[in-house]
Amino acid sequence: MEMQNGPVEDGVCSSESNQGGTDVWSCKESATASADHLVVMVHGILGSVTDWKFAAEQFVRMLPDKVIVHCSERNASMLTLDGVDVMGERLAEEVIGVIKQKPEVRKISFVAHSVGGLVARYAVGRLYRPPKSDNEEDSSTDTCEEDSRGTIHGLEAMNFITVATPHLGSRGNKQVPFLFGVTAFEKAATCVIHWIFKRTGRHLFLTDNDEGNPPLLRRMIGDCGELHFMSALHTFKRRVVYSNVGYDHIVGWRTSSIRRNSELPKWEDVVNEKYPHIVFEEHCKACDAEQCELSSMEDDGLNKLEEELLMGLSSVSWEKVDVSFHASRQRFAAHSVIQVKDYIAHGEGADVIQHMIDHFLT
C-alpha cells in the first residue's frame, strides 16, 4: 500500500487524503501490508475532520494490521447545514474516491457521530450493490458470502456504528433535551429550526416535504429507487448504537438508542474498571412486520411518524450500548465526551472508544 507519509505519532501515520479528509494508518510496513479494512469516520453537525482524531489513532494502534481509517471532511463546518441527503451524496462520492485510491481494501465499516450517523445511513444507501443474481454467470466455483448479502461499493460490509445519532429525528417528546420537554418550546423549535440549522434542521425535525414527498428520514426506512437504505443496513454484519442516557443536551436517549419510552432500560452504576461509563448493553433481534405492529399498538407517547421510523429501523438487528457520564466532571459535554472530540476536554470517554475497538469485527 502506497501512502504519502505525514505526521508520525507513536507508530501511527496520518496524511491528508487526495479526496479530502485525513487517512490514518500504522507506520509499520509489515502491519500496513496486511491491512485491508477501511474504517470511515464521520463527524456531526458543524464538525471537522479532527473530531475523530483520538478514536482514529486508537483504532490504528490497537488494530495496526487490520484497519486503515479515513476521517471524512467533505461535509465540514457550515456544509453540515445543507441537508442529510446532500451530505450523504458528498460522503458517498468521497468514499468512492478513497476506495479507488486503496485497491487493497476488501472490507468497510462506518463510525459516525450525531447527525453524521444519518449522513452515513444515506451514503451507504447510495453505495449499496445488490447481491449477484442466481442466473448471473460466475466463473468462480466458490460463492462468496458477501455476494449473497450485497456489498458497499464492492466491499464486504462489517460494522455500522453510530454514536449519539438522532435516528428518530429531533422533534417532540424530549428528543432534544435542552428544550426541557416543554411542549411549547418543542413546537416553537419545529417552526424556527430551519433558521438556525437550515435544511438539515428540517430533516431532523421531520418538517421537510420536498416535491410533496414524505420526510427524508421516513423515506430512509425503506429502499427508495436507486437508494437502498435498509438493504444497505442489512448488509452489515453488525449495527451498533452508542447512546448517552443523560446529560446529552443535543440528542436524547430514546432517539439515539432507537427505543420507545417503555423500552428504556433501568440501569445502575456498574463496577467495570475497563469500561466505567458503559452502564447497559443489549442485543435486539430484528422484528418482523407482525411483531413490530404489535409493539406499535402500545400508547407510548410517540407520534405516528416517529413510530414508523422506529418500526422501520427495528426490521434489522441492533446492538445497543448505553453510556453514562453522570458522575463525570465532563458530564455536561456528554455529546462530545462520548466521541472524545478533543482528548484534553473530553478524555473521560476513552473507555467508550476502547469498548468500540474491543467489539469491532475485523
Item checked: Salt-bridge contact K274-D351 (side-chain N to carboxylate O under 4.0 Å) -> no

Check: If you measure from CE on M87 to CD on E94, what distance do you get to the nearest 0.5 Å?
Finding: 13.0 Å

Check: Any side-chain heavy-atom pair from M230 and V316 closer than 4.5 angstrom?
Finding: yes

Next item on the list: With side-chain contact (heavy atoms from CB on, under 4.5 Å) as the test, would you mind laying out the steps for D82 and T200 before giving the verdict?
Entry: CA-CA 6 Å; D82 291 344; T200 299; 5.5 Å; no

Notebook entry, point to check: Salt bridge or not for R218 and E308, using N-O below 4.0 Å?
Noted result: yes

Margin query: Applying side-chain hydrogen bond (donor to acceptor under 3.5 Å, both in side chains) to S48 and H43, what does each step give before you reach the verdict?
Written below: CA-CA 6 Å; S48 76; H43 61 71; over 6 Å; no

Margin query: Is it the case that the side chain of R126 and the backbone of A123 share a donor-acceptor pair, with hydrogens and angles ignored and the cut-off at 3.5 Å?
Written below: no

Margin query: Does Y343 have more than 12 heavy atoms from other residues, nucleotides or ligands lying within 6.0 Å of its OH?
Written below: no

Margin query: With a 4.0 Å cut-off on N to O distance, would you call D85 and R219 a salt bridge?
Written below: no

Checklist line | Expected output: side-chain S170 to main-chain F205 donor-acceptor under 3.5 Å | finding: no

Margin query: With side-chain contact (heavy atoms from CB on, under 4.5 Å) as the criterion, how do I161 and M356 come out once you've worked through the C-alpha distance, each side chain's angles and the decisive distance to 0.1 Å?
Written below: CA-CA 9 Å; I161 301 171; M356 204 179 293; 3.8 Å; yes

Check: Rounded to the nearest 0.5 Å, how far apart are CD1 of I278 and CG of D322?
Finding: 8.5 Å

Notebook entry, point to check: Does the side chain of D223 come under 3.5 Å of the side chain of S231 through a donor N or O and an acceptor N or O?
Noted result: yes

Checklist line | Under-4.0 Å salt bridge between E319 and R239 | finding: no

Margin query: Could you walk me through whether D36 and K102 satisfy the salt bridge (Lys or Arg N to Asp or Glu O under 4.0 Å) test, starting with their C-alpha distance in whole Å, then the side-chain angles of each, then the deciding distance to 0.1 Å, before giving a yes or no?
Written below: CA-CA 9 Å; D36 65 351; K102 299 175 175 27; over 6 Å; no

Margin query: Nearest 0.5 Å, please: how far is CG in L313 from CD1 in I258?
Written below: 5.0 Å

Checklist line | Full working for side-chain contact (heavy atoms from CB on, under 4.5 Å) between V245 and V323 | finding: CA-CA 6 Å; V245 305; V323 179; over 6 Å; no

Next item on the list: Could you label the plane-to-plane angle of the F229 and Y122 rings as parallel, tilted or perpendicular, counting under 30° as parallel and over 60° as perpendicular?
Entry: tilted

Checklist line | Heavy-atom side-chain contact between H283 and W318 under 4.5 Å | finding: no

Margin query: For the OG1 atom of T32 and the CD1 atom of I68, what is their distance to the nearest 0.5 Å?
Written below: 8.0 Å

Next item on the list: Kindly say whether the aromatic ring centers of H326 and W267 come within a distance under 6.0 Å.
Entry: yes

Note to self: Quick one: does any side-chain atom of D358 pair with a main-chain N or O of H355 as donor and acceptor, under 3.5 Å?
What the structure shows: no

Notebook entry, point to check: Where the side chain of S109 meets the backbone of N159, is there a donor-acceptor pair that is under 3.5 Å apart?
Noted result: yes

Margin query: Is the shortest side-chain heavy-atom distance between V240 and V321 below 4.5 Å?
Written below: yes

Next item on the list: Could you check whether the rings of H113 and W52 sit parallel, tilted or perpendicular, using 30° and 60° as the cut-offs?
Entry: perpendicular

Check: Hydrophobic clusters join Ile, Leu, Val, Met, Phe, Trp and Tyr when side-chain heavy atoms are under 4.5 Å apart, directly or via other members; which others share one with L361?
Finding: M158

Notebook entry, point to check: Any link between L217 and L305 through a network of hydrophobic side chains (Ile, Leu, Val, Met, Phe, Trp, Tyr) touching at under 4.5 Å?
Noted result: yes

Check: With the threshold set at 4.0 Å, does a side-chain nitrogen-carboxylate oxygen contact exist between E156 and R149?
Finding: no

Check: Any idea how F110 and F236 line up, ring-wise: parallel (<30°), tilted (30 to 60°), or perpendicular (>60°)?
Finding: perpendicular

Notebook entry, point to check: Can you tell me how far the OH atom of Y275 sits from the NE2 atom of H359, to the nearest 0.5 Å?
Noted result: 5.0 Å

Next item on the list: State the CG-OG1 distance between L127 and T151, to the nearest 0.5 angstrom.
Entry: 9.5 Å

Check: Just wondering, more than 12 heavy atoms not from H153 lying within 6.0 Å of its NE2?
Finding: yes

Notebook entry, point to check: Cut-off 3.5 Å, side chains only: do T162 and H167 have a donor facing an acceptor?
Noted result: yes

Margin query: If we ignore hydrogens and angles and just use 3.5 Å, is the side chain of D248 paired with the main-chain N or O of A334 as donor and acceptor?
Written below: no

Notebook entry, point to check: Will you find, in the side chains of S243 and S257, an N or O donor that is under 3.5 Å from an N or O acceptor?
Noted result: no

Item checked: Side chain T80, main chain S77, donor-acceptor under 3.5 Å -> yes

Check: With ILVMFWY side chains joined below 4.5 Å, transitively, what does L79's cluster contain besides itself?
Finding: none

Check: Under 3.5 Å, is there a donor-acceptor pair between the side chain of S317 and the main chain of A286?
Finding: no

Notebook entry, point to check: Does any N or O in the side chain of Q330 come within less than 3.5 Å of the main-chain N or O of E348, such that one atom is a donor and the other an acceptor?
Noted result: yes

Notebook entry, point to check: For H346 and K341, which heavy atoms make the closest approach, and how far apart are they?
Noted result: ND1-CB, 3.6 Å

Margin query: Just so I know, are the side chains of F325 and V352 near enough to count as touching, which here means a heavy-atom distance under 4.5 Å?
Written below: yes

Next item on the list: Determine yes or no for a side-chain-to-main-chain donor-acceptor pair under 3.5 angstrom, with S314 supplying the side chain and L310 the backbone.
Entry: yes

Check: Which heavy atom in S256 sits nearest to a heavy atom in N244, and how many Å separate them?
Finding: OG-N, 4.4 Å

Margin query: So which atom in I152 and which in A157 form the shortest heavy-atom distance, rounded to 0.1 Å?
Written below: CG1-CB, 3.8 Å

Next item on the list: Of all the heavy-atom pairs spanning P166 and L204, show the shortest one and how long it is.
Entry: CG-CD2, 3.8 Å

Check: Any salt bridge between E307 and K304, counting N to O under 4.0 Å?
Finding: no

Note to self: Can a donor-acceptor pair be found, under 3.5 Å and without considering hydrogens, that links the side chain of N209 to the backbone of G212?
What the structure shows: no

Check: Do L46 and V49 belong to the same hydrophobic cluster, where Ile, Leu, Val, Met, Phe, Trp and Tyr are linked whenever their side-chain heavy atoms lie under 4.5 Å apart, directly or via other members?
Finding: no

Check: Going through the checks in order, is the salt bridge (Lys or Arg N to Asp or Glu O under 4.0 Å) test met by R260 and E263?
Finding: CA-CA 5 Å; R260 302 175 179 85; E263 295 169 342; 2.7 Å; yes

Next item on the list: Could you please spell out the steps behind the side-chain contact (heavy atoms from CB on, under 4.5 Å) verdict for I99 and I96?
Entry: CA-CA 5 Å; I99 292 171; I96 290 171; 5.7 Å; no

Margin query: In this structure, would I45 and V86 fall into the same cluster of hydrophobic residues linked by side-chain contacts under 4.5 Å?
Written below: no

Check: In terms of ring plane angle, is the pair F59 and F360 parallel, tilted or perpendicular, where the classes change at 30° and 60°?
Finding: perpendicular

Notebook entry, point to check: Between R61 and E57, does a salt bridge (Lys or Arg N to Asp or Glu O under 4.0 Å) hold up when you go through it step by step?
Noted result: CA-CA 6 Å; R61 287 192 185 100; E57 292 176 353; 3.8 Å; yes

Margin query: For a salt bridge (Lys or Arg N to Asp or Glu O under 4.0 Å) check, start with the C-alpha distance between E282 and R259, then their side-chain angles and the critical distance, and finish with the verdict.
Written below: CA-CA 12 Å; E282 68 173 334; R259 293 185 179 111; 2.8 Å; yes

Check: Charged N to carboxylate O below 4.0 Å: is that the case for K53 and D342?
Finding: no

Next item on the list: Report yes if the distance between the aromatic ring centroids of H335 and Y247 is under 6.0 Å, otherwise no.
Entry: no

Item checked: Side chain to side chain, T207 and P215, heavy atoms closer than 4.5 Å -> no

